[in-house]
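The basis for the numbers below is simple: all heavy atoms, side chains too, and nothing from hydrogens, waters or symmetry mates.
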Amino acid sequence: MKNYKRMFALLLAAAMMMALAACGGKDNNHGGSQGNSNTTMGEAAKTVFEENADKDPETVGQLILEHPAVALDGMVVPVEPGFLMGFDADIEGFRSGVSFGPVIGTIPFIGYIFELEEGADVDAFVADLEAKANLRWNVCTEAEEMVTAKEGNTVFFLMCPKSMENAE
């Protein structure tokens with residue numbers, strides 16, 4: 001039993017060291033080119049959402065991650081009401097949703113696409129997201145912009161740096 005405790009303590013210490021190293025280091029290869037330098041990551045992501053709002057949220061999230069102004073190696077995952085990364089309180093009131101963001105946890109980028117019930121107060125939901133959002137949710141860095149958009153009962157929400165140069 002002592003050996004298991006010792007091994008667990010060593011693994012925990014190693015994980016903590018790796019987390020500290022990730023926060024302190026600068027990795028200049030975050031997934032691609034910047035695209036148009038006059039367009040912020042948030043503006044580009046919002047445009048992709050608006051142009052593809054008729055598609056399923058998973059596809060839209062992936063298109064955002066692939067946009068040249070964003071260009072992040074990331075993933076899109078479903079989310080349920082409750083605690084969501086980037087917020088100081090639970091997010092409730094949506095039927096379904098996805099989160100999209102980079103695989104590298106030290107990049108201050110987190111996005112969501114929420115589908116609300118028919119007849120839901122979309123403006124109140126957006127106001128709730130903005131009120132509960134925390135641009136400093138990421139331990140090592142802070143997002144520079146918060147971007148929201150809505151199309152019908154679908155809500156887009158993003159916190160991110162203006163560009164990858166600003167994320168470093």
Side-chain angles (χ1 to χ4, degrees), residues 28-138 140-168:
N28 293 327
N29 185 11
H30 293 297
S33 64
Q34 294 303 300
N36 181 351
S37 61
N38 295 329
T39 302
T40 68
M41 291 178 85
E43 291 168 343
K46 181 179 177 182
T47 299
V48 171
F49 167 74
E50 291 171 343
E51 292 174 351
N52 296 282
D54 60 327
K55 296 184 170 101
D56 68 279
E58 293 88 1
T59 300
V60 178
Q62 192 59 47
L63 289 171
I64 291 169
L65 292 172
E66 293 170 357
H67 188 280
V70 177
L72 293 171
D73 293 326
M75 60 185 163
V76 181
V77 295
V79 296
E80 296 181 4
F83 178 76
L84 298 176
M85 186 181 303
F87 298 97
D88 290 334
D90 286 354
I91 302 300
E92 305 287 341
F94 62 95
R95 179 182 66 214
S96 64
V98 297
S99 170
F100 55 93
V103 176
I104 298 171
T106 57
I107 298 173
F109 182 106
I110 187 73
Y112 294 94
I113 300 173
F114 300 102
E115 294 180 323
L116 282 56
E117 297 289 344
E118 287 297 321
D121 187 342
V122 177
D123 291 329
F125 183 79
V126 170
D128 188 51
L129 291 175
E130 291 172 345
K132 293 177 179 176
N134 179 355
L135 293 173
R136 184 79 178 146
W137 89 94
N138 191 308
C140 303
T141 57
E142 182 173 355
E144 294 176 305
E145 59 182 336
M146 182 186 318
V147 181
T148 59
K150 57 189 177 186
E151 292 286 332
N153 283 346
T154 304
V155 174
F156 166 81
F157 179 86
L158 176 69
M159 291 186 287
C160 64
K162 290 186 178 181
S163 71
M164 285 310 298
E165 283 99 23
N166 296 349
E168 315 217 356

What heavy-atom pair brings [X] and [Y] nearest, and what distance separates the two atoms?
X	Y	answer
F94	E80	CZ-C, 3.4 Å
I64	A45	CG2-CB, 3.5 Å
A133	M146	CB-CE, 3.7 Å
P108	P161	O-CD, 3.2 Å
P68	A71	O-CB, 3.8 Å
E92	P81	OE1-CB, 3.3 Å

Report yes if the side chains of [X] and [Y] come closer than 4.5 Å at any heavy-atom pair, otherwise no.
X	Y	result
L72	M41	yes
I110	S99	yes
E118	N153	yes
L158	K46	no
E115	S96	yes
V70	F109	yes
L129	F114	yes
Y112	V155	no

Let me confirm one number: the [atom1]-[atom2] distance from [X] to [Y], rounded to the nearest 0.5 Å.
X	Y	atom1	atom2	value
I107	T141	CD1	OG1	8.5 Å
T47	H67	OG1	NE2	7.0 Å
L63	E66	CG	CD	6.0 Å
M75	E58	CE	CD	14.5 Å

Criterion side-chain contact (heavy atoms from CB on, under 4.5 Å) on V76 and L65, from CA distance to verdict: CA-CA 9 Å; V76 181; L65 292 172; 4.1 Å; yes

Might you work through the side-chain contact (heavy atoms from CB on, under 4.5 Å) test for F49 and E151, ending with a clear yes or no? CA-CA 9 Å; F49 167 74; E151 292 286 332; 3.7 Å; yes

Could you check whether any side-chain N or O of K162 sits under 3.5 Å from a backbone N or O of E145, counting only pairs where one atom can act as donor and the other as acceptor? no

Can you say whether the rings of F87 and F157 are parallel (under 30°), tilted (30 to 60°) or perpendicular (over 60°)? tilted

